[in-house]
Amino acid sequence: MKRMASALAVLVLLGGILGACDVGAPPERVITYRIATRGQITADLAQFAQHVAATLADPRGWSAGGAIQFRQVPGPAQFTIVLAQASTVPSFGSPCSSAWSCRSGSNVIINQDRWLGATPTWPYSLDAYQHYVVNHEVGHWMGLGHSNCAGGFWDRAPVMAQQSKGGSAKGACRFNVWPKPDE
């Protein structure tokens, strides 16, 4: 009986301590998006949606450590992330081309060829490229333009630098998947 009372006291004490802990403040802002496709899609759409969600929820990304929550919804949303067959990308208008991903109005268009194969200049994994392209194009939807690398060789490039193109578009900085604090 004494043992049971001691165990109960420990549980009550732990409950009080854990109850006082902040398990995470609610987000300050919720941004809704939906997933769509255009053209013939051969990529795994469920994997695409899951990767997009993981990228947007990552505390290193645009979620600002959880202050912003990106929520996928089935209907009307603030923006749409479209996985598009490369030949259909120009149908979204300027500046979209069949070679790259882009943003047009409330559409973030991910070029399926880039999604499945990155670019010849990309030095890291395909998974890293997929995080990069989602972060870069959502950054455009958020109103950010292209950035240049003002740092040296070992500095991370801004996620808004055109790293897909490599070379002078990226500058002297090293490739980088996630937004920098000053972006």
Side-chain angles (χ1 to χ4, degrees), residues 23-146 157-165 175-180 183:
V23 294
E28 296 171 23
R29 182 172 177 202
V30 174
I31 297 174
T32 59
Y33 70 95
R34 67 185 189 92
I35 299 288
T37 62
R38 182 170 291 181
Q40 183 178 357
I41 299 303
T42 59
D44 181 333
L45 191 57
Q47 185 275 337
F48 174 77
Q50 184 178 28
H51 205 286
V52 166
T55 302
L56 295 176
D58 194 294
R60 297 171 291 178
W62 298 122
S63 71
I68 299 172
Q69 180 187 45
F70 290 87
R71 183 178 300 149
Q72 183 181 343
V73 296
Q78 290 168 278
F79 71 102
T80 301
I81 300 181
V82 182
L83 181 60
Q85 179 181 354
S87 64
T88 69
V89 174
S91 69
F92 286 93
S94 182
C96 299
S97 80
S98 60
W100 307 106
S101 297
C102 62
R103 194 262 324 157
S104 179
S106 63
N107 293 307
V108 169
I109 302 99
I110 305 298
N111 181 315
Q112 179 177 236
D113 288 352
R114 300 284 73 79
W115 183 259
L116 294 175
T119 65
T121 60
W122 187 258
Y124 302 135
S125 70
L126 179 59
D127 179 73
Y129 183 83
Q130 291 170 343
H131 285 302
Y132 160 73
V133 75
V134 170
N135 279 321
H136 182 88
E137 298 306 336
V138 169
H140 283 313
W141 176 81
M142 294 171 68
L144 300 172
H146 287 132
V159 80
M160 295 311 297
Q162 291 181 298
Q163 298 176 58
S164 290
K165 296 179 179 180
F175 288 87
N176 173 43
V177 174
W178 301 102
K180 293 171 67 170
E183 287 188 274

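Sequential numbering from 1 along the given sequence is applied to the chain's residues.
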Exercise. Distance from Met160 atom CE to Leu144 atom CG, nearest 0.5 Å?
Worked result: 5.5 Å

For this session: Report the C-alpha distance between Leu45 and Thr37 in whole Å, list the side-chain angles of each, state the deciding distance to 0.1 Å, and finish with yes or no for side chain to side chain contact (heavy atoms under 4.5 Å, CB included).
Result: CA-CA 9 Å; Leu45 191 57; Thr37 62; 3.6 Å; yes

Exercise. Considering only heavy atoms from C-beta outward, does the side chain of Phe48 approach that of Ile110 to under 4.5 Å?
Worked result: yes

Seminar exercise, completed: Rounded to the nearest 0.5 angstrom, the SG-CD1 distance for Cys96 and Ile109 is 4.5 Å

Problem set entry | Expected output: side-chain Thr32 to main-chain Gln72 donor-acceptor under 3.5 Å | no

Problem set entry | salt bridge (Lys or Arg N to Asp or Glu O under 4.0 Å) partners of Asp44, counting only residues at least two apart | none

Exercise. For the residue pair Asn111 and Asp113, what are the closest heavy atoms and their distance?
Worked result: OD1-N, 2.8 Å

Exercise. Just by distance, do the side chain of Ser104 and the backbone of Asn107 share a donor-acceptor pair under 3.5 Å?
Worked result: no

Problem set entry | Validation row: Asp127, His51 side chains within 4.5 angstrom (heavy atoms) | yes

Seminar exercise, completed: In terms of heavy-atom contacts, Leu56 and Ser63 come closest through O-CB, 3.5 Å

Exercise. Please, which pairs that meet side chain to side chain donor-acceptor pair (under 3.5 Å) have at least one residue in residues 88-100, sequence neighbours excluded?
Worked result: Arg38-Ser91

Exercise. Do Trp115 and Val133 have side-chain heavy atoms sitting under 4.5 Å apart?
Worked result: yes

Problem set entry | Heavy-atom pair of closest approach, residues Val134 and Thr55 | CG1-CG2, 3.8 Å

Exercise. Under 3.5 Å, is there a donor-acceptor pair between the Asp58 and His131 side chains?
Worked result: no

For this session: Kindly indicate whether the side chain of Trp178, heavy atoms from C-beta on, has any atom under 4.5 Å from the side chain of Glu183.
Result: no

Problem set entry | pair Gln130-Gln47: side-chain heavy atoms closer than 4.5 Å | yes

Exercise. Residues in side chain to side chain donor-acceptor pair (under 3.5 Å) with His136, at least two apart?
Worked result: Tyr132, His140, His146

Problem set entry | Residue pair Ile31 / Ile68, side-chain heavy-atom distance below 4.5 Å | yes

For this session: Side-chain contact test, heavy atoms from C-beta onward, threshold under 4.5 Å: evaluate it for Thr119 versus Tyr129 and give yes or no.
Result: yes

Seminar exercise, completed: Value for CZ (Arg114) from CH2 (Trp122), rounded to nearest 0.5 Å, stands at 12.5 Å

Seminar exercise, completed: Heavy-atom closest pair (Thr121 atom, Ser164 atom, distance to 0.1 Å) is OG1-O, 3.1 Å

Exercise. Can you tell me how far the CE atom of Met142 sits from the CG atom of Asn135, to the nearest 0.5 Å?
Worked result: 9.5 Å

Exercise. For the residue pair Asn176 and Ala157, what are the closest heavy atoms and their distance?
Worked result: ND2-O, 2.8 Å

For this session: Rounded to the nearest 0.5 Å, what's the gap from CG on Leu126 to CG on Leu116? Could you check?
Result: 7.5 Å

Exercise. Is the ring centre of Phe70 less than 6.0 Å from the ring centre of Trp62?
Worked result: no

Problem set entry | Heavy-atom side-chain contact between Val138 and Tyr33 under 4.5 Å | no

Exercise. Has the side chain of Gln112 got a donor or acceptor atom that lies under 3.5 Å from a matching backbone atom of Gln40?
Worked result: yes

Seminar exercise, completed: The reported gap from CD in Glu137 to SG in Cys102 (rounded to nearest 0.5 angstrom) is 6.5 Å

Exercise. Which heavy atom of Val52 sits nearest a heavy atom of Ile81, and at what distance?
Worked result: CG1-CD1, 3.4 Å

